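A, B, ... follow the sequence lines: proteins, then strands. Residue 1 opens every chain. Source: prediction; values computed, not measured. Quick note: numbers below take in every heavy atom, side chains included, and nothing from hydrogens, waters or symmetry partners.
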Amino acid sequence: MKFAIALFAAPHQPASRRALRFAQATLAGGHEIVRLFFYQDGVHSASSNVVSPQDELDLPREWREFVTANGLDSVLCIAAALRRGVLNAEEAQRYARSAANLEAPWELSGLGQLHEAAQQADRLVCFGGQ
Amino acid sequence: MATLHILSHSPFTDSRLASCLRLLGAGDALLLTGDAVYALQPGTTNLQALQLMPASVALYALDEDLAARALQAPERAQVVDYPEFVELCTRYAKVNSWL
C-alpha cells in the first residue's frame, strides 16, 4: 500500500518521534512511502542547525539518515520553512541571509506537494500533538 | 466508509476526544497515541465515555505511549505497536488525525 506521511510537530515534540517510528514501520512492513511532507513546526526536523543533547534522541539526524538511506521524497512547505528561518542555499541567497541550514536530502516546495501526495497515496497519515 | 481516528492530545486539556466521540460512525475505530492515552486513566469520565462506546467501535492505544505514562490499558482497549499501527491504517478506508 502507498502511504503519504505529513508531520506538523517540531522535533522536540513526541509526535515527531511517532511519525519517524511509523514511517520506519511502514517500510519494514513492505509498504511504500510516496512522500514525506513537513509542515508548520515540522520543518524544524530538517534543519541542519539543531543540536540535541548527547543523552537525548537526535530526531533531525534520525530523519536525515532515514530519508537518505531509503531515497525518500521529502518535502518541506516553503512558506512554513522561510517564516521559521529554515533556508537552503538558494533561498538564503534570494533573501540575502547570511546562512543556510537546509541541505540534501530535503527539498523546499509548495503545499500543492501535500495535495498531490494525498492523491497518489492510498492513505495520508498526519502526525501532530503531544 | 470506516475511519480510523487518531488522537494525540490529552482529553483533560481540550475537547478533541469529546468532538471525536460525537462524530464516530458505527464501524470506525479510535487510536490513542501520545498524551491522548491519558483518556484511559482509571476513574475518570473520559474512560467512562470510552467504555460506553458501542462494541462496533474498536479502541486501540499505542504501547510505548502507555508505557511512558505508566498506564495500563483496560480490557476495552487493544494495545498496538508500530507495525500494528501501520496495519490498522491499511484496514480502515480513511485515517483522520485530530491534530
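Contact of B/Glu64 with chain A is made through the side chain alone, with heavy-atom distances under 4.5 Å. Heavy atoms of B/Leu4 lying under 4.5 Å from chain A are absent altogether. Only the side chain of A/Phe3 comes within contact range of chain B, with at least one heavy atom under 4.5 Å from a heavy atom of that chain. Using a 4.5 Å cut-off between heavy atoms, A/Arg18 touches chain B through backbone and side chain atoms alike. Looking at B/Asn96, there are no atoms closer than 4.5 Å to chain A (heavy atoms on both sides), in backbone or side chain. Of the two parts of B/Leu7, neither the backbone nor the side chain holds a non-hydrogen atom closer than 4.5 Å to a non-hydrogen atom of chain A.
In this structure, A/Phe37 and A/Tyr39 have tilted ring planes: the angle between them lies in the 30° to 60° band.
No side-chain N or O of A/Ser74 forms a donor-acceptor pair with one of A/Trp63 less than 3.5 Å apart. No side-chain N or O of B/Ser10 forms a donor-acceptor pair with one of B/Asp35 less than 3.5 Å apart. With no hydrogens or angles considered, a side-chain donor-acceptor pair links B/Trp98 and B/His5 at under 3.5 Å.
Counting heavy-atom pairs under 4.5 Å between each of A/Cys126, A/Gly29, A/Pro14 and chain B puts A/Cys126 at the top. The most heavy-atom pairs under 4.5 Å with chain A, out of B/Ala68, B/Gly34, B/Ser8, come from B/Ser8. Most heavy-atom pairs under 4.5 Å with chain B, from the set A/Arg21, A/Met1, A/Gln13: that is A/Arg21.
Here the two rings, on A/Phe8 and A/Phe127, have centers that are 6.0 Å apart or farther.
Taking CG of A/Leu87 as the reference point, atom CG of A/Leu102 lies at 8.5 Å (rounded to 0.5 Å).
Residue B/Ser56 comes nearest to B/Ala26 through the heavy atom pair OG-O, 2.6 Å, listed as atom of the first residue, atom of the second, then distance.
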